[in-house]
Amino acid sequence: MRLTILGGGGFRVPLVYGALLGDHAEGRVSHVTLYDEDPARLAAMTRVLADLAAAAGVSDAPAVTAARDLDEALRGADFVFSAIRVGGLEGRAADERVALAEGVLGQETVGAGGVAYGLRTVPVAREIARRVARTAPGAWVINFTNPAGLVTEAMAEELGDRVIGICDSPVGLGRRIARLLGARPEEAWIDYVGLNHLGWVRGLRIGGRDELPRLLADTEALESFEEGRLFGAEWLRSLGAIPNEYLHYYYFNRDTVRAYQEAGQTRGAFLRDQQRGFYAEAGRAGLPAGAALAAWDRTRAEREATYMAENREAAGAGERDESDLESGGYEKVALALMRAIARDERATLILNVRNGSTLSVLDAGAVIEAPCLVDANGAHPMGVEQLPLHAVGLVTAVKAVERAVLAAAASGARADAVKAFALHPLVDSVTVARRLLDGYAAAHPGLAYLR
């Protein structure tokens, strides 16, 4: 099989390639094409992947080629991973800075920052979807690009159910809960549903029995893992569920905004500076074998240890435990998804797909995040219990924001963009929404289409 990675110079590409190196089954990926508009990042990442293959000692490692032309990269692909970042990390840093100046959250996918990121990403994602439909109509697109649910819904306008979004947050959360309950994660059924970065674990069944109430009753166990320390045992018991970590931005918004404002550097600015150093080192001439991979490993360890540091500070949660540093493994989710489709190996995965009739409060075309049964025909959302009212309010409000972003990206109308900002639960003023749009338009050339 042939895999194309859009955003092939991106920092997390080695996670995907490393997962492919460990796949020795029949019908595995034999060729990987990396596409990126930045030749320096592409060259550095090609070096890291070569080091990875050498370190693994795999004789039949997937061949890697780099492409600068999108149609060339797509031609002949069986699967396309879309992992682009429109505006780069400089854009993310600006998203955070503009919002914080107005006293509102500027996180990458949540609040004003997520709206700004969506406004400049959706037009590009729609063009990619059109190019895939024209150049590789038989390919399946797996979308990593944030905001993942919004971008997947935009691409589905052209690709239908042949685009599937993935995120590692629900998987990581479910894995941590299962281990606390003494179960192997692969043997547990995770009752999880919502939107991307806006979902809840409402139950975790082991052998047909829901064990989540046992965890909710145990304060010590609840506060022994990342989400428990972020939200606190009392609040989790009030909800009767374990929220995705990103809901901390909603439930503790003022605390988080204050922590972000007081931080010496925003997350986007930290990653921008950190990765600038990595790519300069990995791209240096005369680098010995293995040095690019070593630089990537060091950078990744620091990146993981500092994840959501401001939220932990606001919650008084302290440093991340070693057990929390393991992500959900989005590369493993992607590989499992590819296997299920390509080999018709049925699998159950939490994915971003079109709703159909799963959640009655949303229309059929709305992309949700839910457990799906995957086979050769794609991903099919499974039946779940409906959301409680407090969750319905957040899900429908944020979906309305996503629809306003889609409308603004299609119309280019300033009024639609202002509506997207103003409707967000974490932006409390139409006046602030207008100022946000003005600030983002000044910071991002990619928003020049808005009139």
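By the 6.0 Å contact criterion, CD on Glu127 is enclosed, its count of non-hydrogen atoms from other residues, nucleotides or ligands being greater than 12.
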*asked:* Using the rule given for side chain to side chain donor-acceptor pair (under 3.5 Å), can you reason through Gln265 versus Asp273, listing the C-alpha separation, both sets of side-chain angles and the distance that settles it, and then say yes or no?
replied: CA-CA 10 Å; Gln265 189 180 41; Asp273 296 346; 2.7 Å; yes
*Dump the intermediate steps for side chain to side chain donor-acceptor pair (under 3.5 Å) on Thr266 and Arg92, then the final yes or no.*
CA-CA 9 Å; Thr266 66; Arg92 175 173 175 177; over 6 Å; no
*Stepwise side-chain contact (heavy atoms from CB on, under 4.5 Å) check, Met45 with Tyr279*: CA-CA 8 Å; Met45 198 46 61; Tyr279 283 104; 3.8 Å; yes
*Going through the distances and angles, do Gln274 and Thr299 end up as a side chain to side chain donor-acceptor pair (under 3.5 Å)?*
CA-CA 7 Å; Gln274 185 203 47; Thr299 307; 5.3 Å; no
*Under the side-chain contact (heavy atoms from CB on, under 4.5 Å) rule, what do Trp140 and Met338 come out as? Steps first, then yes or no, please.*
CA-CA 9 Å; Trp140 290 87; Met338 280 199 303; over 6 Å; no
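In this structure, CG on Asn196 lies 8.0 Å from CG on Asn244, to the nearest 0.5 angstrom. Expressed to the nearest 0.5 Å, how far CD of Gln107 lies from CG of Asn146 amounts to 8.5 Å. A distance of 8.5 Å separates CD of Gln261 from CZ of Arg258, quoted to the nearest 0.5 Å.
A cation-pi arrangement is absent between Arg12 and Phe144, since the terminal nitrogen or guanidinium carbon is not both under 6.0 Å from the aromatic centre and inside a 45° cone about the axis.
Residue Leu222 forms a side-chain contact (heavy atoms from CB on, under 4.5 Å) with just one option from Leu180, Ile177, Leu215, and that option is Leu215. When Leu204, Ile242, Ile190 are each tested for a side-chain contact (heavy atoms from CB on, under 4.5 Å) with Leu173, only one passes: Ile242.
Annotation: side chain of Phe11 is not in contact with side chain of Arg41 (no heavy-atom distance under 4.5 Å). Taking the side chain as every heavy atom from C-beta outward, Leu198 and Tyr250 approach each other to under 4.5 Å.
Look at Lys399 and Glu402 and you find a salt bridge, because one of the NZ, NE, NH1 or NH2 atoms lies within 4.0 Å of a carboxylate O, short of that distance. Between Asp297 and Arg300, none of the side-chain N atoms (NZ, or NE/NH1/NH2) sits under 4.0 Å from a carboxylate O, so this pair counts as no salt bridge. Using a cutoff of 4.0 Å between basic side-chain nitrogens and carboxylate oxygens, Glu96 and Arg267 are not scored as salt-bridged. Checked for salt-bridge contact, Asp191 and Arg205 miss the test: no charged N lies under 4.0 Å from a carboxylate O. Arg202 and Glu385 are not joined by a salt bridge, as no carboxylate oxygen comes within less than 4.0 angstrom of a charged side-chain nitrogen.
By the 30° and 60° cut-offs, the orientation of the rings of His197 relative to Tyr246 is parallel. A perpendicular orientation is assigned to the rings of Tyr251 and Trp235, their planes being inclined by more than 60° (bins at 30° and 60°).
Inspection of the Glu331 and Tyr17 side chains reveals no N or O donor paired with an N or O acceptor under 3.5 Å.
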